[in-house]
Structure formats: structure tokens, C-alpha cells
A.B. asks: 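There's a structure below that I have some questions on.
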Amino acid sequence: MPETVIQTRKLTKEYVREDYHVFALKEADIEIGRGEFVALMGPSGSGKSTLLHCIAAMDRPTSGEILVLGQDLSSLNERDIAHWRNVHIGFIFQSFNLIPVLSALENVELPLNLTALKKQERREHARNALELVGLGDRLHNLPRQLSGGQEQRVAIARAIVTDPDLILADEPTGNLDAASAQEVLNMLSRLNKEFGKTIVMVTHDPHAARFASKIRYLEKGELLPDGRTPADWNLPAAEATSG
Amino acid sequence: MRIPFSYNIRNLVVRKTTTIMTALGIALTVAVLLSVLALVNGLQTSLRSSGDPKRILVMRKGATAELTSGVTRQAFQDLKFKPGIARDSAGQPLASLEIVTVINLPSVDSEAGMNVTTRGLLQPGIEIRNLKLAEGRWFESGRRELVVGKGIAARYPDARLGGTLKFGKGEWTVVGVVDAGTGPINSEILGDLNQVAGDLNRMEGLSAMWLVAEDEITAKSLINSINDDVKLTAQAKSEVEYLEAQTSSAAPIQFIGIFVSLIMAVGSSFAAMNTMYAAVSRRAREVGTLRVLGFSKGSILTSFFLESLVLALVGGVLGCLLALPLNGLTTGVGNNLTFSEIAFNFRVGPDTMATGIVFALVMGALGGLFPARSAARKEILTALREI
């Protein structure tokens, strides 16, 4: 087992609504090692996004422990969490979430504004990241001047520009056509294989999940044991779990 | 480091209609405030800048203005040989006995007419005030001739050079226009003391005495000497002190103007607040994204707050531009001490404009603070889920 990057123990997220309780995540235990590419799958409401949000410290669990990169996230205050996220996490959204009034280059440069880099260095890093995702010729385009696939590649460049330890992707191909989805998945795979990035990806798409080295399933807030799929899911991914 | 400033600027440009409308609201408020300040500033400049600490006004004890004062020729004879009074090249004391009244003249603003201060003075009265003719010539003794201040010539059609005015016992001809800078003489009509007093049947019932001291220190001792002179029963004060008291005539305008501006400012602040709340709401997902990228709540608050300040700054600059054409424009206000009109120029100076900009920024700050706080307080996931 490589060095553990993510470790959760009995991680629980419970929503309380007037007269009923909902477990978005129930006592989830998971360990993800450095350099792994893990796909989290499961039906809607199964808790996969909740788990991802807890890993990114965007949401706080109701109970249980979560260590990410050895850091107990519950011990950090809001400001430290923001800084921690900037340094260690690259996040890719389903709907890209680029800032519409900023160019591709400026969007990618955004997280670097929180570093000690000088403007020229920030520009250089952002340009390199965009070239890495094949958008070196679209530096000054606004998001609306790009295709969906290109937008997501800009989002990937933004996620990797700070050279984070962990890349988290929430349905990164959910809003893309098949060709663009393929490009994005190839890119994530390359980031994992060539650059050794640890990636956790939430997806509904079995095809997308095949790019991961490991698939973990969630059902009704519970993380199923390694290698098991939900009973009523017709998933071809059992073999991928050993990858 | 904060969120790039270009993010805020471009957002303002993208929603330009909202930006312009909000900025215009702020601009109008600033313009109203600046108009009032320019008016008050102009009046105060007019009254204060012309004051000379060496010039002394002597009135009846208890009088607050020349119009309500009364002095006799005998008192003038007793006064003009007091030590410390400056003398002209001929060795005569620079002291002038004067009569002050108001006459009603139709103005460009009011056909019903406005009260204008009319002053009869002795020849030294001209030298005392260092008056210079802009047009025509000085009035002659024993003739119904008048010289008018530049402000009067501009605002009263009948009082232009060559015009005739009817008061007292006959018609008076305007033979000259005097340029007294920003001083109150610009709002007065001048004539020969004896001719004016005779026409008004007030040969003995004169108003006040003006004199010039040799220097400022002498002026103070001269004032004390006059005030302590039991025989004179008069009070003396420096021109600076006298004009300072007259600036109170601007107080009601200043109060109403500032009151109206404040009411408008409340409206404009709410408009800015509404605009910023809409911006926060529309950009909730961007807020969530920025938080995920590592920007703190403080950065978000600062960013939206700055955006509101920029919006207000645009409004402030527009407001200054709207008010700028008023600069130098001649107007007049009633003086509650002299019961006459003082003509002066609006003055939109750098200090006035700076006040307008600061006022706009305060509106922006008030309007932006709560929306910015609301943006900063958004939970990341809630913000990301908003459309």
C-alpha cells in the first residue's frame, strides 16, 4: 500500500430535517494511497459527492474522522482550510465553474494569486498549465468563446496549476459530449500516470470509471466493501477495482 | 492576495446598464450636494476673501448690520481724527461716512424684483475698499449717478451701464461698473453720500462709518478705543469679523441642501445595495468556486465591497462632472442681516469635489457592506448549487 493520502474512519454526514434524519454518508471507511486514481460511483443520493466534499473540506462531517494528507481537517479553522485547499487540492466541477469575465489564462492564474509568486511567474505557470491541456492557443479567450470540452480543460489546468497533491473531480464529464469526455478522461489519466497525481473522481458514467485504477461504490450513504457493486446496478466495473 | 481587481471591473462593465443606472443615481445625489456646497462655498468665499483686518466698520451700539445702524455726522467728525487711522496721499484720514438702504430691482430671476443694497459713500470710501472700475467712470458729487457692482450688472437688466434706476426723488443713471473681485461690493449699488442721503431725506440719519487703520495691530487698539469711547456710543469691529457674521445667511440653504442630499443618499445607498445584492445573487456560484480555489471569506467580502466602492466612485465622478458647469455661475441669495441680495459665483473647487467623491464612497460603502458580507457568509456548497 502506497503512502495514504486520504483516510476516513466511520465518516458520517447526517442531515436533520424537522421530523426525520437523512444519512448522506454513513460510517464510511476508505483509504486512498498516493498516486491512485479512484472513481466513486453510485446512484444519485448515494453519498459520493458528499464524500468528495468532505475530502475537499467543503463540507464538514457530522461524526467520524477524516485525514487528508495527514491533516485532521476538523482541527482547522475556516481561514486555514481555505489556505490548505489552495495548496493541496485541485477541484474540477461538472459544470466547469470558470469565471465568465476572466480569460482562460486569468482563470487558471486565479489560484496562484494566493501564492507568493510574482505576476510574471504566475502568468508563466498558468500558460504552462494551459499548454499542458492543449489550450496554448486559447489563452486570451473568454469561457463563452470556448467549447464545453475546452472549458473543462481550462478547469483542469486551473486545478493543476498549483501542483496540488490531490485532484478531486465531481462528474467531470457530466456536461460533455462523448468526444470531449474522452479528451478530459485521457487528460486525467495522463495526470495520474505521467505526473503521479492522486485523483478521486465522482462519476455516474461506467465508461469514465474505467479510466480509474480503482472503483468504489456507494449506496444509500454507505461505502460498499472494495470490489462490491450495488445489487441493482448493471455495472461492468468489477474487474476495474483491481486496477 | 486578493481576488484580482479586474474581476470586479469587468463585472461592472458586463452589467453596464445596471452599473450606469446605479452610478447615475449616486451621481445625481452627489450633484445636488455639490450644488449646495458650491453655493455655500461661493457665498463664504465672497464674504470672507474680501475681508481686510485693517478695515473697520463703526455702527451704532447693538446694531448687527449697517442697514439697522444709525450714526450722526457729528460722530463722524469726532471719529475721523482718532489716532491710528491711515491717511491718503493728501494727508486726509481714510474714513468714510456712509448711508445704506435697499431698493427693489427686477432681476433676471424675479420680475417682482429683489432687494439690492444701495450705498452712499464719501470719496475715501472708494479708496478704503481699493475699488477698481471695470467699465465707465465714477459717480460725481451732486449728481444722480451710480456705479454698480459687477454681480448687479450681470443680474439686473436695469442696472447695466447706461441704464437708469428710479428711487428717492428721481432717476439715477448708471455710469460705471466696479469689479470688487468676490467681495460684497459686487452685490451693491454705490452713489455719492450726500446725493443719496438727500434723496432719501436722511441727511442726518446715516448708517455707518468705515475707516482703515495704519496696520493690523493699530486696528485692534483703534477698535478698543472706539468701543470704549463713551461719547461716541458706537461699536467697532473689523471687516473680517463683520463679514464672518454674515456668512450665517447661507446656513438655512446649507441645512436644507445637506438634508435633501442625505435623504437622496439613503435612496442611492439602497440602490447600490440592491445592485450589489443582485450581483451577489447572480454570482453565487462564482463565490462558491472562488472559495473552493482557496479564497477566504475576507477576500470575498473585500472583493464585493471594493466593487461597490468602484461603482460609487464612478457615480461620484459623474456627479462632479454634472456639478462642474455650475462653477463660476453667478447667483444671489438673500442676506438676513442686510435684507438684500448678495450676488456671488458658485464655486466648485477641488475641495468641494473631493467632498462629493467621499460622499459617494460613503454611499457605496453603506450600500456594499451588507451584500459583500452576505457573499462572504455563503456556505460553499449552497453557493455552488445556486443558479
A.B. asks: Using the benzene-type ring in the case of Trp, are the ring centres of B/Tyr7 and B/Phe5 under 6.0 Å apart?
C.D. replies: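 Not close enough - the centres of the two rings lie 6.0 Å or further apart.
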A.B. asks: For residues B/Phe304 and B/Met276, report the shortest heavy-atom separation together with the two atoms involved.
C.D. replies: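 Looking at all heavy atoms of both residues, the closest pair is O-CE, 3.4 Å.
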A.B. asks: Check each atom of A/Glu109 against the heavy atoms of chain B and say whether the ones under 4.5 Å are side chain, backbone, both or neither.
C.D. replies: neither
A.B. asks: Out of B/Thr289, B/Ile380, B/Val14, return the one with the most heavy atom pairs under 4.5 angstrom to chain A.
C.D. replies: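 Top count of heavy-atom pairs under 4.5 Å with chain A: B/Thr289.
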A.B. asks: Considering only heavy atoms, which portion of B/Val292 lies under 4.5 Å from any heavy atom of chain A: side chain, backbone, both, or neither?
C.D. replies: both
A.B. asks: Please tell me if the side chains of B/Ser303 and B/Leu306 come closer than 4.5 Å, counting only heavy atoms from C-beta onward.
C.D. replies: no
A.B. asks: Evaluate side-chain hydrogen bond (donor to acceptor under 3.5 Å, both in side chains) for A/Ser95 paired with A/Asn175, printing each intermediate quantity in order.
C.D. replies: CA-CA 6 Å; A/Ser95 43; A/Asn175 281 8; 4.7 Å; no
A.B. asks: Identify which part of A/Ser103 has an atom lying under 4.5 Å from any heavy atom of chain B, answering side chain, backbone, both or neither.
C.D. replies: backbone
A.B. asks: Answer with yes or no whether the side chains of B/Asn327 and B/Arg347 bring together a donor and an acceptor at under 3.5 Å.
C.D. replies: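 Checked: B/Arg347/B/Asn327 side chains show no N/O donor-acceptor pair below 3.5 Å.
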A.B. asks: Going by salt bridge (Lys or Arg N to Asp or Glu O under 4.0 Å), name the residues that satisfy it together with A/Glu171, two or more places apart in sequence or in a different chain.
C.D. replies: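 If we apply the salt bridge (Lys or Arg N to Asp or Glu O under 4.0 Å) test to A/Glu171, skipping adjacent residues, there are no hits.
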A.B. asks: Backbone N or O of B/Tyr277 within a donor-acceptor pair of the B/Ser281 side chain at under 3.5 Å?
C.D. replies: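 Checking the backbone N and O of B/Tyr277 against the side chain of B/Ser281, no donor-acceptor pair under 3.5 Å is found.
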A.B. asks: So which residue, B/Lys297, B/Glu379, B/Arg283, ends up with the most heavy-atom pairs under 4.5 Å with chain A?
C.D. replies: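 The answer is B/Lys297.
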A.B. asks: I need the residue from A/Ala56, A/Ala159, A/Pro111, A/Pro100 with the largest number of non-hydrogen atom pairs under 4.5 Å to chain B.
C.D. replies: A/Pro100
A.B. asks: Considering only heavy atoms and a distance below 4.5 Å, find which of A/Ile81, A/Leu98, A/Leu110 pairs most often with chain B.
C.D. replies: A/Leu110
A.B. asks: Under a 4.5 Å heavy-atom cut-off, does chain A meet the side chain of B/Leu290, its backbone, both or neither?
C.D. replies: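 The side chain, not the backbone.
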A.B. asks: Using non-hydrogen atoms only, which part of B/Leu293 is less than 4.5 Å away from chain A: side chain, backbone, both, or neither?
C.D. replies: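 Both backbone and side chain.
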